[in-house]
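To start, the structure under review is shown below, and the notes come after it.
Side chains included, hydrogens not; waters and symmetry mates left out as well; all remaining heavy atoms used. A quick note: this is a predicted structure, and the numbers were derived from the prediction, not measured.
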Amino acid sequence: MGKFTRKELEEAIKIYNKAHARASETGDWSIWAALFTEDAYYVEHAYGEFHGRKEIEKWIIDVQAPAPHMTFPWKWYAIDEENDAIVFCVENIYPHPDKKFSFDNWSRIIYAGNGLFSYEEDIYNPAHSKRVYKEWRDAGGQVEAKTRVKPKYH
């Protein structure tokens, strides 16, 4: 058994989703980055590994700059009580008035208590993500910033 009950992990999901939704709504991704402990570890297979909240915050602000109002509705989740972990699938959706441009992403987060997370790992197909981004742009998707972090796979 982990340190937290299933009920606490269910509450952690609500905290995570509330911060994600607020960051998407406002375009301020520091809101979401604040969910992580100071020493958190984040694995993003296309962009690299990030150590600590400050690195995570810099990365997420830069990577979300072109489309800060993307949404990430959850499709499903599973709770791993023994490891204080939550595994879930979200749909990454680019904002567009006429058509849905999205790709799925599986993530694993580890709850550290007090509304904070110590770990996240994202798993998705980078080629599919890149194709969806191009289709979104070709359909008139508006980039809101000129800077964009390049994935390590480029």
- Could you go through the side chain to side chain contact (heavy atoms under 4.5 Å, CB included) check for Phe50 and Glu44 one step at a time? CA-CA 8 Å; Phe50 306 95; Glu44 214 293 352; 4.1 Å; yes

- Please indicate whether Asp138 has more than 12 foreign heavy atoms, meaning atoms of other residues, nucleotides or ligands, lying under 6.0 Å from its CG. yes

Are the side chain of [X] and the backbone N or O of [Y] linked by a donor-acceptor pair below 3.5 Å?
X      : Y      : value
Tyr133 : Arg137 : no
Trp59  : Lys54  : no
Ser129 : Asn125 : no
Asp122 : Ser107 : no
Glu81  : Ile79  : no
Glu91  : Ile93  : no
Asn114 : Leu116 : no

Write down the atom of [X], the atom of [Y], and the distance for their closest heavy-atom approach.
X      : Y      : answer
Met70  : Phe72  : O-CE1, 3.6 Å
Gly141 : His96  : N-CD2, 4.1 Å
Ile60  : Ala33  : CG2-CB, 4.2 Å
Ala67  : Trp136 : CB-CH2, 3.9 Å

- Task: For the residue pair Tyr119 and Tyr41, categorise the inter-ring angle as parallel (less than 30°), tilted (30 to 60°) or perpendicular (more than 60°).
- Result: tilted

- Trp74 vs Tyr77 aromatic rings, parallel, tilted or perpendicular, using cut-offs 30° and 60°? perpendicular

- Query: Linking I/L/V/M/F/W/Y whenever their side-chain heavy atoms sit closer than 4.5 Å, directly or via other members, would Val63 and Ile31 fall into one cluster?
  - Reply: no

- Go through the steps to decide whether Ser30 and Ile61 satisfy the test side chain to side chain contact (heavy atoms under 4.5 Å, CB included), and finish with yes or no. CA-CA 7 Å; Ser30 65; Ile61 288 171; 4.2 Å; yes

- Query: In Å, rounded to the nearest 0.5 Å, how long is the span from CG of Asp104 to OH of Tyr124?
  - Reply: 13.0 Å

- Query: To the nearest 0.5 Å, how far apart are CG in Asn105 and CG in Asn92?
  - Reply: 5.0 Å

Under a 4.5 Å cut-off applied to non-hydrogen side-chain atoms, are [X] and [Y] in contact?
X      : Y      : answer
Trp32  : Tyr16  : yes
Phe117 : Thr37  : no
Glu121 : His45  : yes
Val43  : Glu120 : no
Pro66  : Glu144 : no
Asp80  : Arg108 : yes
Trp106 : Phe88  : no
Ile110 : Asn83  : no

- Chi angles and distances behind the salt bridge (Lys or Arg N to Asp or Glu O under 4.0 Å) call for Arg131, Glu135: CA-CA 6 Å; Arg131 181 181 53 76; Glu135 290 171 358; 2.8 Å; yes

- Message: Applying side chain to side chain contact (heavy atoms under 4.5 Å, CB included) to His51 and Ile56, what does each step give before you reach the verdict?
- Response: CA-CA 7 Å; His51 302 271; Ile56 295 167; over 6 Å; no

- Take Phe103 and Tyr94, measure what side chain to side chain contact (heavy atoms under 4.5 Å, CB included) needs, and give me the verdict at the end. CA-CA 9 Å; Phe103 62 95; Tyr94 285 99; 4.1 Å; yes

- Query: Can we say Arg22 and Glu25 salt-bridge, meaning some charged N sits less than 4.0 Å from an Asp/Glu carboxylate O?
  - Reply: yes

- Message: Checking side chain to side chain contact (heavy atoms under 4.5 Å, CB included) between Glu10 and each of Arg6, Glu8, Lys14, which is the one that passes?
- Response: Arg6

